[in-house]
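A note on names: the letters A, B, ... follow the listed sequences, proteins ahead of strands, and every chain is numbered from 1. Atoms considered below: every heavy atom in the structure, side chains included; atoms not considered: hydrogens, waters and symmetry mates.
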Amino acid sequence: MSTSKYKGSEPSLGCDMGQVDEGSFIRSYYADGFTAGDTASKMFLHEQRRRLPAFKHRMELLYAVEKYLAVVVVGEPGSGKSTQVPQFLYEAGWAAGGKVIVCTQPRRVAAAMLAHRVAEEMDVALGTTVGYSVRFSDVSSAENTRIKYMTDGTLMHECLADPMLSKYSVVVVDEAQDRSLDTDTLLALLKKIMKKRKGDFRVIISSASLDAERFRGYFETNDNTLAQPEHNTATILSISGRIFPVDIHYLTASCENYLVAATETATKIHISEGPGDILIFLPGKNEIEQAISTLNDQIDSSNNLDSLLPLAMYAGISAEKQKLVFDPPERGIRKAIFSTNVAETAVTIDGVVYVVDSGLVKRRIFDTDTNIDRLATLTISKSSAKQRAGRSGRTRPGKTYRLYTREAYLSSLFPEHEIPEICRVSLVPMVLMLKALGVSNLVRFDYLQPPPPELLSQALELLAELGAIDSGTGELTPKLGLHLAELPLSPELGVCLLNSVRTFDCAKEAISAVSMLAAGGDPFFVPGGQRSEALEDKRDFMVQEGDVLTFVNTHLAYLETPARMRVKWCNAHFLSHRMLDQSARIHRQLEAMLARMGYHNRIRSSCGRDYKSLQKCIASGLFANAARLDPSDGRRYRLIKNGLVVDIHPSSIFFAADCKPNYVVFAQVMETTKVYIRGISAVDPAWLSEIAPHYYSAKQSNT
DNA sequence: TGAGATTGC
């Protein structure tokens with residue numbers, strides 16, 4: 001790199017290499033297309049397996065699992081731990097007697113890909129000896145599957161039906177360093193199970209970073225009736241990875257505008273460095289679109305940037321655009337992929353040799369003073385920065401350009417780790433799960449890391465308001481509370497759903513409403529060039545009662561469209577097929593769950609044109625999210641619970657309406673550029689006190 | 001009046 005802005009490089013950094021490492025195998029699986037029956041490829045796979053670093057530690061691992069109840073495996077990326085550890089356990093007999101070895105992942109795709117890979121290595125059909133089970137797709141057999149990949153959320157929910165996880169002999173919790181709320185909750189449950197199952201159960205915690213001692217200490221117990229020969233119950237095992245060096249470059253002085261710096265760095269890499277794609281980490285979609293448009297202008301006005309191709313990558317991007325990101329570029333073309341942190345862990349893009357890191361991320365922060373989520377742009381942690389850098393060295397030595405100084409990086413501005421979710425998100429799902437499993441004292445519960453008390457009390461308060469927790473005993477209410485723990489929904493939406501079959505007889509519409517809100521709401525997209533056409537189309541679906549009924553209308557129209565026509569239909573109406581497809585899957589799952597809960601003869605009930613019962617049903621779950629039009633202003637609202645002034649989100653049908661309803665309930669409130677409410681439904685204030693007298697008699701004085 | 005990070009049951 002010729003630029004003088006950067007200096008020095010750091011000693012090489014642990015990062016991915018693997019020809020067969022976990023992350024990139026989906027590509028080898030699909031692209032190379034070698035099949036399990038092919039002798040040459042079988043030998044190739046076998047040979048690859050033996051070359052993995054994990055293979056050298058096979059005996060050591062099996063010895064540790066024999067001797068200790070909990071083993072923390074520290075394996076660098078590319079070590080093969082996620083594919084090999086379950087196979088070693090299987091070969092050593094841990095699946096004997098019909099027991100199952102389960103390996104959990106934080107993300108669905110990872111679970112599916114790993115199962116594909118391991119089935120291939122073991123030369124079995126997927127869904128037989130090796131399978132996986134994630135939301136919406138169970139490719140496993142209750143009789144035959146011995147190695148099962150799952151998401152940690154799925155396994156956690158299995159505890160409701162089988163609290164001792166009695167089918168399983170070993171649970172491998174992979175990627176534990178992610179510290180998602182589900183992972184932390186699952187680890188706490190596994191510790192309880194480990195103590196109760198007296199020696200016939202093992203937990204393996206697999207983590208990439210240096211949190212090993214925390215995990216080991218957590219699983220260590222002094223109960224010497226549990227451990228085999230010694231008094232230890234937990235140990236640590238390290239597996240080295242395969243490492244390509246990554247050169248890290250820092251700015252010599254902090255930059256004023258990171259977007260300008262990002263595009264400049266990309267063009268300089270393009271002009272002065274060898275082949276390889278560039279991955280640029282930016283905090284959000286807006287920043288990405290802005291950087292790409294700047295870069296496109298530069299490409300248009302310059303002769304030597306012809307072969308640079310800017311692309312965008314973020315979670316909500318269309319399948320079409322996503323394909324461009326993953327497909328290899330044409331010969332002689334270099335991709336410059338501007339991405340959010342999806343590319344940090346969730347997806348792997350092959351061919352990346354250069355990384356440009358803005359050092360920023362957008363993250364949701366829950367403000368316990370106002371009970372409002374804020375989407376804030378924050379400095380990443382040092383472990384995130386290392387993870388991002390590692391993305392440049394997956395296939396050969398790489399280079400990473402950090403758009404901040406080395407001094408800044410080493411300072412406390414960049415924290416060592418991300419704050420784990422248990423300390424910063426709503427704890428409602430965890431509280432429901434623990435209560436459902438009979439944990440009565442949540443404050444004194446044995447967590448891996450105790451959550452802040454404000455978050456715990458906020459969750460308990462909300463659940464009590466909704467009637468899921470008995471405020472006298474503090475236990476889950478027998479029917480509502482337990483059902484809410486089972487449903488894959490926020491408790492507010494869960495209450496809407498259950499009330500639709502219990503009281504309001506509008507299940508058909510309510511399932512649609514809840515599925516749409518659970519899938520993220522707003523299915524309408526408004527492309528820059530075709531604003532008026534898109535808004536015109538949206539008007540056809542609009543219902544004046546509000547966004548939620550508009551979503552229901554759209555969802556029902558989608559379901560009535562024949563499956564093979566749906567993509568086309570969505571494109572023609574400026575609707576997100578991804579979102580509507582997701583809500584249709586949720587819809588099917590919720591119908592099935594209601595039937596299993598004994599409401600099978602109520603799930604077809606429909607309110608038809610009687611929108612009032614549907615609106616009341618929505619309000620019955622969202623009553624605490626109520627707002628009143630500010631009469632002095634006529635376009636902003638005040639939250640009834642705390643008087644906070646909020647704005648209508650521009651995606652709402654009420655945003656541009658001349659006459660706005662006096663009272664509304666909403667599905668979400670979040671502070672971005674302003675405090676916005678979205679997923680809005682008009683209500684009659686009399687319904688609120690009718691539906692939730694306990695809530696509104698107490699709060700009356702505030703309004 | 002003017003807009004969005006990400007994952008999961």
Check every nucleotide of DNA chain B for an atom under 4.0 Å from a heavy-atom of chain A, then give the first and the last such nucleotide from 5' to 3'.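 Taking any atom under 4.0 Å from a heavy atom of chain A, the span is B/dT1 to B/dC9.
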When all nucleic acid strands are considered with a 4.0 Å heavy-atom cut-off, which category describes [X]: base, sugar-phosphate, or nothing?
X	result
A/Y676	sugar-phosphate
A/R531	base
A/T151	sugar-phosphate
A/R107	sugar-phosphate
A/L487	base
A/D522	base

Using 30° and 60° as the class boundaries, would you call the ring planes of [X] and [Y] parallel, tilted or perpendicular?
X	Y	value
A/F524	A/F541	tilted
A/F574	A/F525	perpendicular
A/H116	A/Y132	tilted

For A/Y637 together with A/F666, are the ring centres under 6.0 Å from each other?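 No; A/Y637 has its ring centre 6.0 Å or more from that of A/F666.
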Is [X] salt-bridged to [Y], going by a charged N under 4.0 Å from an acidic O?
X	Y	value
A/R635	A/D630	no
A/R596	A/E486	no
A/D373	A/R364	yes

What pairs meet the side-chain hydrogen bond (donor to acceptor under 3.5 Å, both in side chains) rule with one or both residues in residues 510-532 of chain A, with sequence neighbours excluded?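 Every candidate side-chain hydrogen bond (donor to acceptor under 3.5 Å, both in side chains) pair involving residues 510-532 of chain A fails, so no pair, neighbours aside, qualifies.
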Between A/A656 and A/R678, who's closer to the 5' end of DNA chain B by nearest nucleotide?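 By nearest-heavy-atom nucleotide position, the 5'-most residue is A/A656.
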Between A/L489 and A/T340, which residue's closest nucleotide on DNA chain B lies nearer the 5′ terminus?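 On the 5' side of the pair lies A/T340.
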Can you check whether A/Q177 reaches A/R179 side chain to side chain, under 4.5 Å on heavy atoms?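 The answer is no, as the side chains (C-beta and beyond) never meet within the 4.5 Å cut-off.
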What parts of residues 535-549 of chain A reach DNA chain B, counting only heavy atoms under 4.0 Å away?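 Per residue number, the list is empty: none.
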